[in-house]
Amino acid sequence: MTAVRVRGLHKRYGDVVAVDGIDLDIQRGEVFGLLGPNGAGKTTTVEILEGYRGRDSGEVDVLGMDPGKAPNSWRDRIGVVWQSTADTPELTVAEIIGNFARYYRRPRDPGQVIEQVELTEQAGKRVHALSGGQRRRLDVALGIIGDPDLLFLDEPTTGLDPEARRRFADLIRGLAAEGTTILLTSHYLDEVETLAGRIAVIARGKIVAEGSPKTLGGRATAVSTVQWVGEDGLHTIETDTPAKAVADLYAKSGEVSGLTVTRPTLEDVYLKLIGADDE
Amino acid sequence: MSENVTLPSVTEEPPPRPAPARFARAEPGRALRLGLVRTGLETRMFFREKDQIAFVFSIAVVMLVILASIFTTRYRGLDVTVSQVYAAGLIGTGIMAVSFQNLGISIAVERDLGGLRRLVSTPMPPSAYFIGKVGSVFIVAVIQIAILLGIGVAFFDLELPSAIGPWLTFIWVFVLGLASMTMLGIAASSVPRSARSATAVITLPFVVLQFISGAFIPHTDLPDWLLNLSAVFPLKWLCQGMRSIFLGEEAAVLELTGGYELGRVALVLAAWTVGGLVLCLLTFRWKDNRTK
Ligand SMILES: Nc1ncnc2c1ncn2[C@@H]1O[C@H](COP(=O)(O)OP(=O)(O)OP(=O)(O)O)[C@@H](O)[C@H]1O
Ligand SMILES: [Mg+2]
C-alpha cells in the first residue's frame with residue numbers, strides 16, 4: 001500500500017524554482033530519507049505533503065488524500081516535526097505535551113512520550129528554559145504524541161548531541177517496527193544511511209538519485225579502488241574485480257605494503273551526485 | 001564510513017495497524033470541549049507572560065491611578081469630578097487592552113514564531129482555537145474590570161449603581177464592547193509582518209484611539225471634530241456607555257449631544273462586532289508571512 005504518491009510536483013517562489021518536477025512513492029511502513037544540500041527543496045516538498053504549503057502543479061496523494069484539501073480527521077493520522085520552531089509558550093513540557101495529546105483521537109500516553117524523548121527530568125520546566133537539543137526533543141514528542149500513521153521529520157536531529165542522536169535513531173526504529181511510515185530529511189548521510197530503507201537525493205528541486213543506501217547511485221556496482229605502496233611509490237588501480245586484482249598482485253609481487261581495497265562510501269556517491277549536477 | 005550497515009528492510013512486513021476511526025463529520029461538541037481546554041490554557045499562559053501583564057493588563061490601572069490623581073476638579077454645577085470621569089472611561093481602555101491590544105500582539109507573535117503552525121498540523125478544530133482566545137479574554141477582562149472598579153471606588157469616588165437597571169446596561173455594554181474589540185484584535189493580528197514589529201504596529205492605533213475617544217483625555221476637553229472623528233470607532237461608544245452607568249443621568253449634559261445615546265452605543269458596537277467577525281473570517285491566516 002502506498003502512503004505517499006507524488007507526480008510532477010512543482011513549486012516556485014517568485015523567480016526561485018524550489019521544487020522542479022518531483023516524483024515520489026513511499027510505501028506504508030517504510031522509512032524514507034530525503035537527502036540534499038541547503039536549499040535543495042526538502043522543506044518545501046515536505047511541507048507541501050503536510051498540507052501546509054500550496055503547490056503550483058503536480059499530483060499529491062498522502063494517506064489517500066490531497067493534503068491541500070484534506071479534512072481535519074486526516075491530521076489525526078499524520079505527525080509533523082518542523083525544521084524550525086521558535087515559539088516559547090509559557091508552558092511546561094508536561095503541560096504542552098499533555099495538551100496536544102487531547103487534540104488527537106488516539107494519542108500516545110504523554111508520560112510515556114516524555115520518557116521516550118528523555119525529557120522526564122525537564123517535564124516540569126517551562127519551554128523557554130530548555131536547551132536547544134531539549135527543545136528539539138520536545139518537537140519530536142509533539143510529532144509523535146498523536147501516534148501517527150505517517151510521520152514527517154524535517155531535520156529532526158539538528159542540535160542533538162551524539163548520544164541523543166543515537167537514542168533518537170532507536171526511537172525511529174521502534175516507531176518503524178510498530179508500522180509507522182516515516183519521511184525524514186537530513187544533511188547527515190550516516191543518519192539516513194542507518195535509518196532509512198530507501199533514500200532519494202534531491203538537488204536544486206530535482207531528484208537526482210533514488211534507491212537503498214547500498215545501491216544508491218550505482219554504489220553496489222561502482223568500481224573499487226585497489227591501492228598499495230610499491231618500491232616506486234603509490235599504485236592505484238580501479239577495477240570491477242578487486243579480489244582478482246589482489247590475487248594477481250600477490251602472484252606477481254608477493255606481499256605488498258599499504259594494501260587497501262575501497263569502494264565509494266555513500267558520502268562519495270552523495271557528493272558526486274549533488275556535485276555532478278553543478279556542471 | 002562503514003560499509004556494514006543494518007537497515008530496517010522494506011520487505012519486512014510491519015504489523016497491521018488498527019483501521020483509523022473517523023470523526024463524525026460535524027464535531028461541535030469536540031470543538032467546544034477543546035475550546036474550553038484551550039481557554040484554561042490561554043488564561044494560564046496570559047498570566048505567566050510578564051510582558052503581557054505589564055503591557056496589556058496594567059496599562060489601564062496605571063493610567064487610572066496617574067490621571068485620576070492629577071485631575072481632581074469638579075465640574076461646575078455638577079456633583080461629578082474629573083477623576084470619576086476617568087474612572088468610568090478607563091474601563092473602556094481596560095477592555096480594549098485585554099482584547100484588542102492583547103490579541104493583536106499575541107496572535108501576531110504566535111503566527112511568526114511557529115505556534116500557530118504547530119496547531120494547524122494537529123486535528124484540533126480551528127474553532128477551538130478561537131473559543132480559547134475569546135474565553136480567556138473574557139476571563140481576563142472580568143478580572144481587569146474588577147480591579148479597575150475596585151480602585152475607582154476605593155480612591156476616586158466612583159459609585160457603583162445600586163439599581164438593577166444600570167447593571168443590565170453594564171452587561172450588554174461590556175459584552176458588546178469586548179466582542180467588537182476581540183474581533184478587531186484577531187483581525188489586526190494579521191497586520192504586523194513579524195513578532196518584533198507586532199507591539200509597535202498594534203500599540204499605535206490603540207494609543208491614538210485612547211486619546212481621541214475620551215479615555216486618556218476627558219471627553220469634555222476634546223474638540224467636537226475629534227469626538228466626531230472617534231465616533232467612527234468603537235472605543236468612544238464603549239467609554240460613553242460606561243459613563244452612563246457610573247456617572248448617572250445628571251452628568252449626561254457633559255456629553256457632546258447632551259445624552260448618552262445608548263441606542264447608538266448598542267448599534268455601533270454591534271456593527272463593529274459583526275464587521276470584525278467578517279474581517280476575521282476573510283483575513284485570518286494560520287501561516288506565517290514567509291510561507292506561500
Ligand atoms: N517562503 C519562501 N519564499 C521564498 N523562497 C523560498 C521560501 N522558502 C524556500 N524558498 C527557497 O526555495 C528553495 C528551497 O528551499 P527549502 O527550504 O525547501 O530547502 P531545503 O532543502 O529544506 O534547505 P535546508 O537544508 O537549508 O533546510 C531555496 O532556494 C529557498 O531559498
Ligand atoms: Mg529545510
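Only heavy atoms go into these numbers, but all of them, side chains included; no hydrogens, no water, no symmetry mates. In what follows, chains carry the letters A, B, and so on, assigned in the order in which the sequence lines appear, proteins first and then strands, with residues in each chain numbered from 1.
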Check: Arg75(A) side chain, Met124(B) main-chain N or O, donor-acceptor pair, under 3.5 Å: no
Using a 4.5 angstrom heavy-atom cutoff, name the option from Pro125(B), Gly115(B), Ala128(B), Ser121(B) with the most pairs to chain A. Ser121(B)
Highest number of heavy-atom pairs under 4.5 Å with chain B: which of Pro71(A), Ala86(A), Gly51(A)? Ala86(A)
In this structure, are over 12 heavy atoms from other groups packed under 6.0 Å from Phe206(B) atom CZ? yes
Thr44(A) versus chain B, heavy atoms under 4.5 Å apart: side chain, backbone, both or neither? neither
By salt bridge (charged side-chain N to carboxylate O under 4.0 Å, His left out), which residues pair with Arg38(B), not counting sequence neighbours? Glu42(B)
Between Arg44(B) and Glu95(A), does at least one N-O distance fall below 4.0 Å, as a salt bridge requires? yes
Could you report the tightest heavy-atom contact between Tyr52(A) and Trp286(B), atom names first, then the distance? OH-O, 4.1 Å
Interatomic distance, CG@Asp51(B) vs CD@Glu90(A), rounded to 0.5 Å, equals 9.0 Å
Do NZ/NE/NH1/NH2 and the carboxylate oxygens of Arg117(B) and Asp87(A) come within less than 4.0 Å? no
Take Thr85(A) and Leu113(B) through the side chain to side chain contact (heavy atoms under 4.5 Å, CB included) test and state the conclusion after the steps. CA-CA 6 Å; Thr85(A) 43; Leu113(B) 296 188; over 6 Å; no
For the side chain of Arg30(B) and the backbone of Tyr103(A), is there at least one donor-acceptor N/O pair under 3.5 Å apart? yes
Got a sec: does the CZ of Arg193(B) have more than 12 other heavy atoms crowding it under 6.0 Å? no
Contact origin within Leu142(A) toward chain B - heavy atom pairs under 4.5 Å: side chain
By a 4.5 Å heavy-atom criterion (distance strictly below it), what part of Phe100(A) contacts chain B: side chain, backbone, both, or neither? side chain
Return the minimal non-hydrogen interatomic distance between Asn72(A) and Thr122(B), and the atom names on each side. OD1-O, 4.4 Å
Other residues, nucleotides, ligands: >12 heavy atoms within 6.0 Å of Arg196(B) CZ: no
